[in-house]
**Q** 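Okay, here's the structure, questions in a sec.
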There are 2 protein chains.
Amino acid sequence: MSPAPANLEAPLEIVEPLCAIFRRKLKAEGAKYTPERAHVLDAIIRIDGLFEADALLERLRKEGRRVSKATVYRTIKLMLEAGIIQRVLVDGEQAHYQLVYGKTPGDLLVRIDEGRVEEILVPGLADICRNICKARGLTLKGHRLQIFASA
Amino acid sequence: MSPAPANLEAPLEIVEPLCAIFRRKLKAEGAKYTPERAHVLDAIIRIDGLFEADALLERLRKEGRRVSKATVYRTIKLMLEAGIIQRVLVDGEQAHYQLVYGKTPGDLLVRIDEGRVEEILVPGLADICRNICKARGLTLKGHRLQIFASA
DNA sequence: CTTGGTGCAAACATTTTGCAGCACA
DNA sequence: TGTGCTGCAAAATGTTTGCACCAAG
């Protein structure tokens, strides 16, 4: 799977509902917007912050949605391709994902003492990265910053 | 396993050979500096940049060292604890590691078009992170930055 | 002897895939 | 009737662990 860079530079249209983006993507490749996919998207939208495939499945089950693990993973992959969510690497154990609302997805402040992860904005960082790329004749495609801190 | 933050603030003694650091750590907990562990350390030292457990094992095998997968993983864990190497999250597939020479381990420039990863230094970034932490009453423990770029 | 280390193979956790049956145009 | 979707279970990865045997003090 691809590196899934955070903070992609291409800004998205903000106003269009995620559901519409997803449906358009599905339609574009002859796929269907099924109830299961709707449930997954719905659950993701109501999660704030990061989520894992596992937790997402559990949550769906708790809400009475009968969705299989396979469908969750398959839907996650579709939503990654659609640019609705992106992969975030937090630890080496499992993949974490986060919703990409029109906004530039943020940098992360990781509290290593309590394990919480907070999304923050580091002003000027994108410019710093852009300059580094420019100095090498490269184009910035995104960045990912994690700050580790404790009390 | 713990998050393994990069760019730890505590500077290390630079001059002491890694082998000595490793032996001291092993001795401190009644463990032994075996030939297998020496071979793993030696191979890691000669790799420049990132490596994966898998590739490390393959390399050892090619050099005629008969080391098992289990020993490679176990040795990697020991070296993580000793602070000789650290885990870097590059993609969701497998763990990557890099050697920590007395230097502060650098930030990463990831060429998404060709898959190469280059270690770079982003001046001032540690200060930016420190200020963000300070503003929240937290102590900076490290950071990790990946910049994604293409030609 | 006792302690720790090794290799192997089995166990694990996460993610992907093959397949038979289902749903809907 | 064909196309895609689903659930299930099996497979595929990457990593860890249990165990029997080996080596060194």
**Q** Within the 4.5 Å heavy-atom criterion, are B:Gln146 and B:Asp107 side-chain neighbours or not?
**A**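 They are not in side-chain contact.
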
**Q** How long is the straight-line distance from CD1 of A:Ile84 back to CG of A:Leu41, given to the nearest 0.5 Å?
**A**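 Reported value, rounded in 0.5 Å steps: 6.0 Å.
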
**Q** Quick one: which protein N/O atoms are closer than 3.5 Å to N/O atoms of nucleotides 6-12 of chain C? Pair and distance per line, please.
**A**
unit_1 : atom_1 : unit_2  : atom_2 : d
C:dT6  : OP1    : B:Thr34 : OG1    : 2.7
C:dT6  : OP1    : B:Glu36 : OE1    : 3.3
C:dT6  : OP2    : B:Arg37 : NH2    : 3.4
C:dG7  : OP1    : B:Arg66 : O      : 2.9
C:dG7  : OP1    : B:Ser68 : N      : 3.3
C:dG7  : OP2    : B:Ser68 : N      : 2.9
C:dG7  : OP2    : B:Ser68 : OG     : 2.6
C:dG7  : OP2    : B:Thr71 : OG1    : 2.5
C:dG7  : N7     : B:Arg74 : NH2    : 3.0
C:dG7  : O6     : B:Arg74 : NH2    : 3.2

**Q** Provide, to the nearest angstrom, the distance between the NZ atom belonging to A:Lys25 and the C1' atom belonging to D:dG4.
**A**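 One finds 15 Å between C1' of D:dG4 and NZ of A:Lys25, rounded.
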
**Q** Between D:dT13 atom C1' and B:His96 atom NE2, what is the distance in whole Å?
**A**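 For the pair B:His96 NE2 and D:dT13 C1', the rounded distance is 13 Å.
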
**Q** Over how many whole Å does the gap from A:Lys32 atom NZ to D:dT6 atom C1' extend?
**A** 11 Å

**Q** Side chains of A:Leu145 and B:Arg144: closer than 4.5 Å at any heavy-atom pair?
**A** no

**Q** Send over the distance from A:Tyr33 OH to D:dG4 P, rounded to a whole Å.
**A** 20 Å

**Q** Which one of B:Arg59, B:Gln98, B:Met79 satisfies the side-chain contact (heavy atoms from CB on, under 4.5 Å) criterion with B:Ile44?
**A**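 With B:Ile44 as partner, B:Arg59, B:Gln98, B:Met79 yield a single side-chain contact (heavy atoms from CB on, under 4.5 Å), made by B:Met79.
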
**Q** Under 4.5 Å between any side-chain heavy atoms of A:Arg46 and A:Glu63, yes or no?
**A**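 The answer is yes, as the side chains (C-beta and beyond) meet within the 4.5 Å cut-off.
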
**Q** Please state how far atom CG in A:Leu57 lies from atom P in C:dT14, giving the value in whole angstrom units.
**A**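 About 12 Å, once rounded to whole Å.
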
**Q** Please check the phosphate of D:dT15 (OP1 and OP2 only) for any side-chain N or O of B:Tyr73 closer than 4.0 Å.
**A** yes

**Q** B:Glu52 CD to D:dT13 P: how many Å, rounded?
**A**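 These atoms are roughly 15 Å apart.
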
**Q** Rounded to the Å, how far apart are B:Leu26 CG and D:dA24 P?
**A**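 Going from CG in B:Leu26 over to P in D:dA24 covers 17 Å.
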
**Q** Take atom CD of B:Glu58 as the centre, draw a 6.0 Å sphere, and report whether it contains more than 12 heavy atoms from other residues, nucleotides or ligands.
**A** no

**Q** Quick one: B:Asp54 CG to D:dT15 P, roughly how many Å, whole number?
**A** 7 Å

